[in-house]
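A short worksheet on the structure shown next.
All values derive from a computational prediction rather than experimental measurement. The figures that follow rest on heavy atoms only: side chains count, while hydrogens, waters and symmetry mates do not.
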Amino acid sequence: MSVWAVIKTSLFGLSAICMMAPEMLQAQLSEPIQAIVESGRTGDSFWAVVVTDSSGRYLEDYNREKLIRPASNFKLVTSAAALHTLGPDYTYTTSLYAIGRQEGNRWNGDLLIRGAGDPSISGEFADGNALFLFEKWRERLQSMGIEQIDGNLIGNESYFDDIPYPRGWEWDDLTFYYAPEINALSFNNNAVELEVLADGPVGSTPNIQWFPFNTPYVEFINEQLITPAQASYDESYRRELGSNTIYLRSTLPQGYYESEPLTVARPSLYFLDTFKRFLEQGGIQVSGQLIPDRQPRDWSQFQLLDEHKSVPLIRMIERKNRESDNFYAEMILKTMAAETYQTEGTTELGIEIVEQFMSEAGIDTAQVRMRDGSGLAPATLIKAGDLNRLLQHIKGYDWYELYYQTLSVAGVNGTLQYRFQNSPVKNRFYGKTGFMSGIRVLTGYLTTQSGEQLVVTIATNHYTVRTSTVDVLHERILEYLYNIY
């Protein structure tokens, strides 16, 4: 029988093993994996290792019933629920409407954009051209001969509620691309893309530029400093909460180049502001206001000018899982709620749908704490064994093979691209990483050298050593499993 600690027979003997409670005996690590963990000197960190074979039988069962902070491993759960709820072929439709009439080269009235929660109005699926939709709509107006809009640009965001963040996201994350506001009318992941070049003399301020077209929608307070070339880079960015003023206080070695997507406040207004500037760059002037709108509309009363249909949901799930994209996770969570209940999409209703799916997988949701769809909220908790159980359960769905292909492949792509490069596990593990400060989790499907497919969950919480040390231990555990089964 496997054991977690080496029993010193001189102190305890065989009788000590016999006296252990059955539930204690069940939750032990095999000695080789125990040795791997102990070799990392991870101190008082919490470990869970759960491994099941193709029949669901437990091969490793350590702390299976303990709650862990899964970080982005929780995306495995919400991705499966989204495919079950919406289907892999689901698409978003973002529409451009008009009200009024055309008089020569002028449109006398308003243009309205109906947001539908599409997270992909960016360059992700448009060969890097984040402005592709604005190009399409500008060309549509130009084809009508319009050079002036005597009216407002109205962005309807009523498909989702007006709560920008899931409960529990930490305030110091909100400046960065991985924690943007969630809005039914979004553009470029609700971020601007800052570039910094330290090409001046030591002691001077580096040059900056940003996409889209150095938009004044954001204000950068550039207090950065160029340091000697041999100095280290020290990053410091902070957006004032609720505003679009961003303080830059990094120190950069001379000659250093840095790029960083930074979030914006009021995404629907950002969408409208960018659209207006893009129209005006192409010779179409807008005289009216930019109006974010939460009023439910009877869209049949407006003239439809264009509809943009997104790529299928399965491609977005691939983005979400492989690149661990929090923005896609939260947008899709609210979409599930809006589509299922035919009301404004909320995080809370999305959580209800995911919990129902987990219940169907045999997971006791009373033992799950779900605050978001991405796992970024520290209060999101799940048992290590339930992550493992879910990946076994979904093998029975017709979308399983598509789901499997959305996962990051060891040594090949996504968040696992640069790991396992010189390992037999390369190209043999399809899974999901999870990372926050003191948290590292790895869950997925491992095909062993004998061809057996294992489901593996390895969680390390509350560690204080370097993350690279924990990564090495996780990889050694996978390699052991690969070789032994």
Side-chain angles (χ1 to χ4, degrees), residues 70-80 82-83 88-89 119-120 122-130 176-178 188-189 191 193 259-261 310-332 373-376 387-388 390-391 394-395 399-436 439-449 451 453-459 467-468 470-479 481-482:
S72 286
N73 262 213
F74 204 79
K75 294 183 178 76
L76 292 168
V77 181
T78 53
S79 294
L83 290 173
D89 296 325
S120 66
S122 67
E124 178 62 28
F125 302 105
D127 296 323
N129 179 15
F176 299 96
Y177 71 94
Y178 56 83
N188 201 45
N189 293 12
E193 298 172 24
S259 62
E260 185 77 27
S310 72
V311 298
L313 178 67
I314 189 63
R315 294 190 64 190
M316 299 188 189
I317 296 295
E318 181 179 293
R319 166 71 190 184
K320 173 185 171 184
N321 286 344
R322 281 193 187 166
E323 305 303 329
S324 203
D325 196 304
N326 298 331
F327 176 64
Y328 277 71
E330 304 305 336
M331 294 283 279
I332 292 170
S374 59
L376 184 60
L387 278 176
N388 197 280
L390 183 110
L391 262 61
I394 64 175
K395 291 179 182 179
W399 43 259
Y400 164 71
E401 288 296 334
L402 294 173
Y403 176 95
Y404 181 82
Q405 294 298 327
T406 69
L407 302 176
S408 184
V409 183
V412 176
N413 59 30
T415 56
L416 288 172
Q417 181 174 359
Y418 300 108
R419 295 170 65 180
F420 304 97
Q421 283 295 321
N422 299 306
S423 168
V425 173
K426 181 177 180 179
N427 215 16
R428 309 278 288 185
F429 179 74
Y430 284 60
K432 182 79 193 68
T433 58
F435 172 71
M436 289 192 291
I439 299 169
R440 198 62 160 152
V441 187
L442 189 64
T443 297
Y445 302 96
L446 172 66
T447 302
T448 69
Q449 65 173 351
Q453 187 188 73
L454 309 181
V455 178
V456 180
T457 300
I458 308 171
T467 298
S468 59
V470 177
D471 283 349
V472 168
L473 299 178
H474 287 192
E475 290 165 23
R476 288 180 61 194
I477 291 171
L478 279 185
E479 289 171 0
L481 296 169
Y482 169 82

Check ring-ring contact (aromatic ring centres under 6.0 Å, His included) between Tyr430 and all other residues, then give those that pass, not counting sequence neighbours. Tyr404
Polar contact flag, side-chain donor to acceptor under 3.5 angstrom, Thr447-Gln453: no
Less than 4.5 Å apart, any side-chain heavy atom of Thr406 and any of Ile314? yes
May I have the step-by-step check of side-chain contact (heavy atoms from CB on, under 4.5 Å) for Thr433 and Arg440, ending in yes or no? CA-CA 7 Å; Thr433 58; Arg440 198 62 160 152; 4.2 Å; yes
Determine, step by step, whether Leu454 and Tyr482 satisfy the side-chain contact (heavy atoms from CB on, under 4.5 Å) criterion, reporting the C-alpha distance in whole Å, the side-chain angles of both residues, the deciding distance to 0.1 Å, and the verdict. CA-CA 9 Å; Leu454 309 181; Tyr482 169 82; over 6 Å; no
Look up atom CZ in Phe420 and atom CG in Asp471, then write down how far apart they are to the nearest 0.5 Å. 8.0 Å
Asn321 side chain to Lys432 main-chain N or O, any donor-acceptor pair under 3.5 Å? no
pair Leu376-Met436: side-chain heavy atoms closer than 4.5 Å: yes
Under 4.5 Å between any side-chain heavy atoms of Tyr177 and Glu193, yes or no? no
Please report the shortest heavy-atom distance between Ala130 and Asn188, naming the atom on each side. CB-OD1, 3.7 Å
N-O pairing of Glu318 and Arg322 below 4.0 Å: yes
Applying side-chain contact (heavy atoms from CB on, under 4.5 Å), run through Thr443 and Val456 and close with a yes or a no. CA-CA 5 Å; Thr443 297; Val456 180; over 6 Å; no
Contacts of Glu479 that satisfy side chain to side chain donor-acceptor pair (under 3.5 Å) - sequence neighbours left out: Ser423
Measure the spacing between CZ of Phe327 and CZ of Arg319 and express it to the nearest 0.5 Å. 10.5 Å
Check whether any side-chain heavy atom of Ser120 sits under 4.5 Å from a side-chain heavy atom of Tyr328, and report yes or no. yes
Is the shortest heavy-atom distance from the side chain of Ile332 to the side chain of Thr78 under 4.5 Å? no
To the nearest 0.5 Å, atom OG of Ser72 lies from atom CD of Glu323 at 11.5 Å
For the atom pair CG (Asn189) and OH (Tyr178), what is the distance rounded to the nearest 0.5 Å? 15.0 Å
Taking atom NE2 of His474 and atom OG1 of Thr467, what is their separation to the nearest 0.5 Å? 10.0 Å
Could you grab the distance from atom CG of Leu313 to atom CH2 of Trp399, nearest 0.5 Å is fine? 11.0 Å
For Lys75 and Ser374, work out which heavy atoms get closest and say how close. NZ-O, 3.2 Å
So, the side chain of Gln417 versus the backbone of Ala410: is there a donor-acceptor pair under 3.5 Å, distance only? no
Does Ser408 use its side chain to pair, donor to acceptor, with the backbone of Asn413 at less than 3.5 Å? yes
Under 3.5 Å: donor-acceptor pair, side chain of Gln421, backbone of Gly411: yes
Is the shortest side-chain heavy-atom distance between Val311 and Glu124 below 4.5 Å? no
Counting C-beta onward and ignoring hydrogens, is there a side-chain heavy-atom pair between Phe429 and Leu442 closer than 4.5 Å? yes
Find out whether Ile458 and Val441 are in side-chain contact, i.e. whether some heavy atom of one side chain is under 4.5 Å from a heavy atom of the other. no
Is Asp325 paired with Lys320 through a side-chain N to carboxylate O contact shorter than 4.0 Å? no
Is there a side-chain contact (heavy atoms from CB on, under 4.5 Å) between Val425 and Leu446 once you walk through the steps? CA-CA 8 Å; Val425 173; Leu446 172 66; 4.0 Å; yes
Any sub-3.5 Å donor-acceptor pair from Ser79's side-chain atoms to Leu76's backbone N or O? no
Examine Tyr400 together with Tyr445 and report whether their ring centres are nearer than 6.0 Å. yes
For Ser310, enumerate each residue passing the side chain to side chain donor-acceptor pair (under 3.5 Å) test, keeping only those at least two apart in sequence or located in another chain. none
